[in-house]
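Indexing begins at 1, ligand by ligand and atom by atom, following the structure's order.
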Amino acid sequence: MSPAITSPTTIMRPTPVVRRHNFPTPLLRLELRDLAHEGASIFLSNIHGNEDLEAQVQNVLNLLYDSPEASPLHVKRPGTRSVTFIVREFDGVAYTTGLDLDDDHKEIHINAQYIRRCAQGGDKRHELLGVICHELVHCFQWSAGGSCPGGLTEGIADWVRLRAGLGAAHWRQEASGGWDGGYQKTGYFLEWLEQKFGDGLVRKINACLRKGKYDQTKLFGDCCDGERVEDLWKMYQKELEKKEGGHGDEDAPANPLPTHPAK
Ligand SMILES: [Zn+2]
């Protein structure tokens, strides 16, 4: 007999975040390595530096943290002091890194060729904001001192993107393989967990990743009423199968744009 599922639904539609608290924003900078590149112009004409970047920082911080004013139990954030967006050509879509001398200064590199490509179809502003949102999560999330598996780190980043209303057009809920496949696959699973265990579940997971080494059993046990993540994933798989009859991907494009390939 399958375990009972107490939460009735899986979400299909992202819920745009309501900005509740105004967190201090680090210094945000932009570097265009080649001003003559078409990708640089597309970036400038679609992203409004005076509001979009800060809005995404606020989305990320509101989704990952309680504000100090709202909760005396708020969790400390990483000390990110500046984020520099660098538009240049390289292989891949985007990645985030910290300066060697001071990891509190982050750099988000976005491939200018990718920006040019994404301008050829779909909603380029939506896609660009989604990539920016995802990368900003990496500037502010905890990762158990780097011991958190990449699948969970990337899943949290895409969960934030999803909840900020910036999921990519090709995203689909999918439950093949493991729960920690990363990106939107894990992101949708985290949203299902939020609905099952209550708003703030991902914030709790992020808080648990602040200190110590990654301990999967303890992490999910503490955050999900003692449950094992493997069992929760099985419940999620069954629920998706039931809902979609096992054919959830018919209308997905054959070659979806990768959200965030490796560096
Ligand atoms: Zn990422």
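- Here the closest heavy-atom approach between residue Pro26 and residue Arg81 is recorded as CB-O, 3.3 Å.
- Asp34 has no carboxylate O lying under 4.0 Å from a charged side-chain N of Arg88, or vice versa, which leaves the two without a salt bridge.
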Going through the distances and angles, do Lys204 and Asp199 end up as a salt bridge (charged side-chain N to carboxylate O under 4.0 Å, His left out)?
-> CA-CA 10 Å; Lys204 216 163 155 186; Asp199 188 46; over 6 Å; no

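- To the nearest 10 degrees, the angle centred on the Zn ion (ligand 1) between NE2 in His134 and NE2 in His138 reads 100°.
- For Glu154, the N, O or S atom with the smallest separation from the Zn ion (ligand 1) is OE1.
- Residue side and main chain included, Asp158 places no N/O/S atom under 2.8 Å of the Zn ion (ligand 1).
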What do the steps show when you test Asp180 against Lys185 for salt bridge (charged side-chain N to carboxylate O under 4.0 Å, His left out), and what is the final call?
-> CA-CA 8 Å; Asp180 55 354; Lys185 181 199 276 191; over 6 Å; no

